Amino acid sequence: MTSRLSPSQMAWRAAQDIEDGAYVNLGIGFPEMVAKFQPSGRQAIFHTENGILGFGEAPPHGEEDWDLINAGKKAVTLKPGTAFFHHADSFAMVRGGHLDVAILGAYEVAETGDLANWSTGPKGVPAVGGAMDLVHGARRVAVITDHVTKDGKPKLLQRCTLPLTGVGCVTRVYSSHAVIDVFNGRFVLREKLPSFTLGALQSMTGATLHLDGPAADLVVPDL
Amino acid sequence: MTSRLSPSQMAWRAAQDIEDGAYVNLGIGFPEMVAKFQPSGRQAIFHTENGILGFGEAPPHGEEDWDLINAGKKAVTLKPGTAFFHHADSFAMVRGGHLDVAILGAYEVAETGDLANWSTGPKGVPAVGGAMDLVHGARRVAVITDHVTKDGKPKLLQRCTLPLTGVGCVTRVYSSHAVIDVFNGRFVLREKLPSFTLGALQSMTGATLHLDGPAADLVVPDL
Amino acid sequence: MDKTLPNLPTAVAGIRDGMTVMIGGFGGSGAPIELIHALIDRYVATGHPKGLTVVNNNAGNGHVGLAALIEVGMVAKLICSFPRSADPVVFTERYLAGQIELELVPQGTLAERIRAGGAGIPAFYTPTSYGTDLAKGKPVEVFEGRSYVQERWLKADYALVKAHLGDRLGNLTYRMAARNFNPLMCMAAANTIVQVSRMVAPGEIDPETVITPGIFVQGVVEIPHPAQEETLNRDGASYPEVAA
Amino acid sequence: MDKTLPNLPTAVAGIRDGMTVMIGGFGGSGAPIELIHALIDRYVATGHPKGLTVVNNNAGNGHVGLAALIEVGMVAKLICSFPRSADPVVFTERYLAGQIELELVPQGTLAERIRAGGAGIPAFYTPTSYGTDLAKGKPVEVFEGRSYVQERWLKADYALVKAHLGDRLGNLTYRMAARNFNPLMCMAAANTIVQVSRMVAPGEIDPETVITPGIFVQGVVEIPHPAQEETLNRDGASYPEVAA
């Protein structure tokens, strides 16, 4: 019985919601794994902030071309139909709402759809990258995140406590325990691990989980 | 003795002030003739609003390619080093101040540098094109114009009476009778036809002509 | 994914009464004549779409393309910079008769407003038109001692675009100065429909030379040997053709 | 007209203390390593230029390129979106010690501010950063029911740019994702200095495929086989090289 989804499993679940032909930006880190789990017969077109649309997977080790990288500075490859463009055109795609889906990581998500994923506070060197643009850049802004912090504290909250990345921007959360939509300022539970009762899940969540019909079982393959 | 310069002669005079390698936009109509009169040894690079830099002269009759036209919808030709770009990039060149010289026609020019060249009033169909952008688009904004209207009324005035194209934008006027700089809200006479006294020229001008040293003779070839 | 459209009627089938339609081109160069004429065919057959707001740099020339669209009575409002041409009689007569509304926009501002619409920039400031009649009623702000006019984005329900090469993903190239407003309009419309002179397989367009990436395109129809407005006008053409 | 520069020292000779310098690249891709190192050479030899404000997406990686420029102490302020990398120690130490100022800008806003600087747009509105700490102190305006932050243009005295092909008129192409900020910075700097991998004759670059038209470029120097920051870092390189 699964007690929590691995990052790969969360990525797999997120991948199931991506339509054939969708334009998708995957944030640096866990979200990048979503590309590996596209259901067969569907092909999304991936956008990266640094000016590539329609790139392919990583090249074999030793065959990297360091002029052909993604926003995480990892080497990628060409596919038929790839296009290059400069950074202003790239963010025109983002800010102009031309992406279908952006999938990001999160420190905290609020039931209002607020997202905090760029700063853990005033210590250290702040860095934002493209996160604040991406949260306004897609029809669907999804988050992949553990349901709770390493200390067991909820990451899904009534209000974020960390500096915001964007206000009211998240539309769906793929957590280690559930699939939750953000709708009209509320968390709406869509799927949960069968091994958790609603009550158990609620106790790990910092805001009320609403139901819109019964929550389906969150079932993913071993990965 | 020349009693007035022809449009070709005004264009010739304007061409003498264009440096080698200058980026130049020539307005539709008379200003387009400036390109023909580049002094030998100098080569300006011509910009047209519809997305060409470094185009060449008109093709022979019958060899026009109607995808290769200038802002006046006249056919032009390619030269080594021509570049194509879209309209937003084209006006980034203009608005961003990347042109060295823009040469435009005028209905009226004021001693303040105000220009009126797009509308003769509320009658008819108004049309502005790129004129309002071009007047803010070059380090030097020059005007080629008859010194007076067909009715003999001054076109160089204290204040424009027609709808403005731009405020305080003109830096030099090449008229049918004189070369006049606009400086600190005053017309400064640089050159005049030798056949006209200062008094005669002043009587044809609707604002005071100032001197900054003696006015040179405006001498142009027969064209 | 395949954005290829089978024919012209399908390409223009989604345009409804009252929509805003951007039409590419500068004068005749880059004007999607076949798409425009397909739209006219639909109107002649069905009475729709009508009451369109059209965005174009000009207002048509002669009696084909945009001029014909106006002439048959489909256009309620035109947003353009230069409603003059060699033969502007169609627009001129309707404008002077009060039958068509005109929003006159400086050319660079028109281009930038369209780009802004595509880039998610709702407003920007430009020196263009400051102190002129075309700035009346618009907010003015001073930056670094100079005055600028606030302009708003332009978006459209549809864009009708002419390109040179295209692939089924929607990647496009253009031909010389026929590029002009076309790539900007691709960005600014909810539905961008493109006629290309030649369809190629994905990858045949060098990724370095793609001008419009496919993300900005919803449909592509191949029209080999497209008509040039300038050539049609020199031949005295009009559309729909009058039966002899 | 010939914008060709004979060598690297000449290329960077005009940059003076306190200037704002845009440096192209996203991480190592498109970073003009040789131009940056030439600037360091000048500083090592003469003590100038110093007190620079640098605009780049990042803050350097390892001990070459931008990181080296910071390490030798030439940079007073950095305007960037993401001052992290595989090896960010140089910037991190100076930042935490209060020795370098940081202006953090969201990446899309940074790109758009640079484009605006090149396009004569002093300010624009973006949804990005609305409601966040990075919007503090900036004007907010509502358009069509949604809130937007006003952002200002960015310009520079110099841009240091890496391109692929170039001609003596300054026309440029780039190589794959090494394009990134480079074409924008060409537009936004009073003096744009470009290192190209290969100089070609005017006309050898197809006019359809010119990415940066020469009007945005002031000088071009040919650097065949330019170094890649990523490769240098994997080799443990540092600049200036420490005598063994």
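In what follows, chains carry the letters A, B, and so on, assigned in the order in which the sequence lines appear, proteins first and then strands, with residues in each chain numbered from 1. Just so you know, these numbers use all the heavy atoms, side chains as well, and skip hydrogens, waters and symmetry mates. In this text the structure is predicted, and so the values were computed from the model without any measurement.
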Item to complete: Write out, in numerical order, the residues from residues 109-124 of chain A with a heavy atom short of 4.5 Å from a heavy atom in chain D.
Response: W118(A), G124(A)
Fill in: Contact origin within I52(A) toward chain D - heavy atom pairs under 4.5 Å
side chain
Item to complete: Return yes if a side-chain donor-acceptor contact under 3.5 Å exists between E112(D) and H87(A), otherwise no.
Response: no
Worksheet entry | Interatomic distance, S90(A) atom OG to Q107(D) atom CD [nearest 0.5 angstrom] | 8.0 Å
Fill in: Neighbour count above 12 (heavy atom, 6.0 Å) for R152(D) CZ
yes
Fill in: Which atoms of T165(A) approach chain D - backbone, side chain, both or neither, heavy atom under 4.5 Å
backbone
Worksheet item: If we ignore angles and hydrogens, is there a donor and acceptor under 3.5 Å between the side chains of D133(A) and T128(D)?
Response: yes
Worksheet entry | Proximity breakdown for R234(D) and chain A, heavy-atom pairs closer than 4.5 Å | side chain
Discussion item. Is R175(D) in contact with chain A via its backbone, its side chain, both, or neither, using a 4.5 Å heavy-atom distance?
Written reply: both
Worksheet item: Any chance CZ of F143(D) has more than 12 other-residue heavy atoms, nucleotides or ligands included, within less than 6.0 Å?
Response: yes
Discussion item. Taking atom CD as the centre, does E57(A) end up with more than 12 heavy-atom neighbours from other residues, nucleotides or ligands that are less than 6.0 angstrom away?
Written reply: no
Discussion item. Heavy-atom pairs under 4.5 Å with chain A: which of P106(D), A178(D), A135(D) has the most?
Written reply: P106(D)
Worksheet item: Counting N and O atoms only, with roles assigned by atom type, does the side chain of R84(D) sit under 3.5 Å from a partner on the main chain of V125(A), one being a donor and the other an acceptor?
Response: yes
Item to complete: Work out which heavy atom in I69(A) is nearest to a heavy atom in A177(D); give both atom names and the distance.
Response: O-CB, 4.1 Å
Worksheet item: Considering only heavy atoms, which portion of N61(D) lies under 4.5 Å from any heavy atom of chain A: side chain, backbone, both, or neither?
Response: neither
Worksheet item: Between P127(D) and chain A, which part of the residue has a heavy atom less than 4.5 Å away: side chain, backbone, both or neither?
Response: both
Discussion item. I need the minimum non-hydrogen distance between L164(A) and G131(D), along with the two atoms involved.
Written reply: CD1-O, 3.8 Å
Response to the item:
To the nearest 0.5 Å, atom CG of D65(A) lies from atom CD of E230(D) at 11.5 Å
Response to the item:
The interface call for T109(D) against chain A, heavy-atom contacts under 4.5 Å, is both
Worksheet, complete the sentence: Smallest heavy-atom separation, A127(A) atom then F82(D) atom, equals CB-CD1, 3.7 Å
Fill in: Engaged part of F91(A) at the chain D interface, taking heavy atoms whose separation is under 4.5 Å
side chain
Worksheet, complete the sentence: Turns out that what part of L110(D) lies under 4.5 Å from chain A's heavy atoms comes down to neither
Discussion item. So which atom in W66(A) and which in T231(D) form the shortest heavy-atom distance, rounded to 0.1 Å?
Written reply: CD1-OG1, 3.9 Å
Discussion item. For F30(A), is the CZ atom crowded, meaning more than 12 foreign heavy atoms sit under 6.0 Å from it?
Written reply: no
Practice prompt. Could you check which of E64(A), E49(A), H136(A) has the highest count of heavy-atom pairs closer than 4.5 Å to chain D?
Written response: H136(A)
Worksheet item: Should we say atom CD of Q38(A) is surrounded by more than 12 heavy atoms from elsewhere, each under 6.0 Å from it?
Response: yes
Worksheet item: Quick one: does N180(D)'s side chain have a donor or acceptor within less than 3.5 Å of a partner on N50(A)'s backbone?
Response: no
Worksheet item: Are more than 12 heavy atoms from other residues, nucleotides or ligands located less than 6.0 Å from atom NZ of K153(A)?
Response: no
Practice prompt. Heavy atoms only, distances under 4.5 angstrom: which of G51(A), G130(A), G129(A) has the most pairs with chain D? Name it, please.
Written response: G129(A)
Worksheet entry | Non-neighbouring partners of Y95(D) that pass ring pair (Phe, Tyr, Trp, His ring centres under 6.0 Å), sequence neighbours left out | F91(D)
Worksheet item: Non-hydrogen atoms of chain A under 4.5 Å away: do they reach the side chain of N182(D), the backbone, both or neither?
Response: neither
Practice prompt. Count the heavy atoms belonging to other residues, nucleotides or ligands that lie under 6.0 Å from CZ of R186(A), then report whether that count exceeds 12.
Written response: no
Worksheet, complete the sentence: chain A shares the most heavy-atom pairs under 4.5 Å, among G108(D), S29(D), P83(D), G25(D), with G108(D)
Worksheet item: With side chains defined as the heavy atoms from C-beta onward, is the minimum distance between M132(A) and Y130(D) less than 4.5 Å?
Response: no
Worksheet entry | Nearest heavy atoms of M176(D) and D67(A), plus distance in Å | CB-O, 3.5 Å
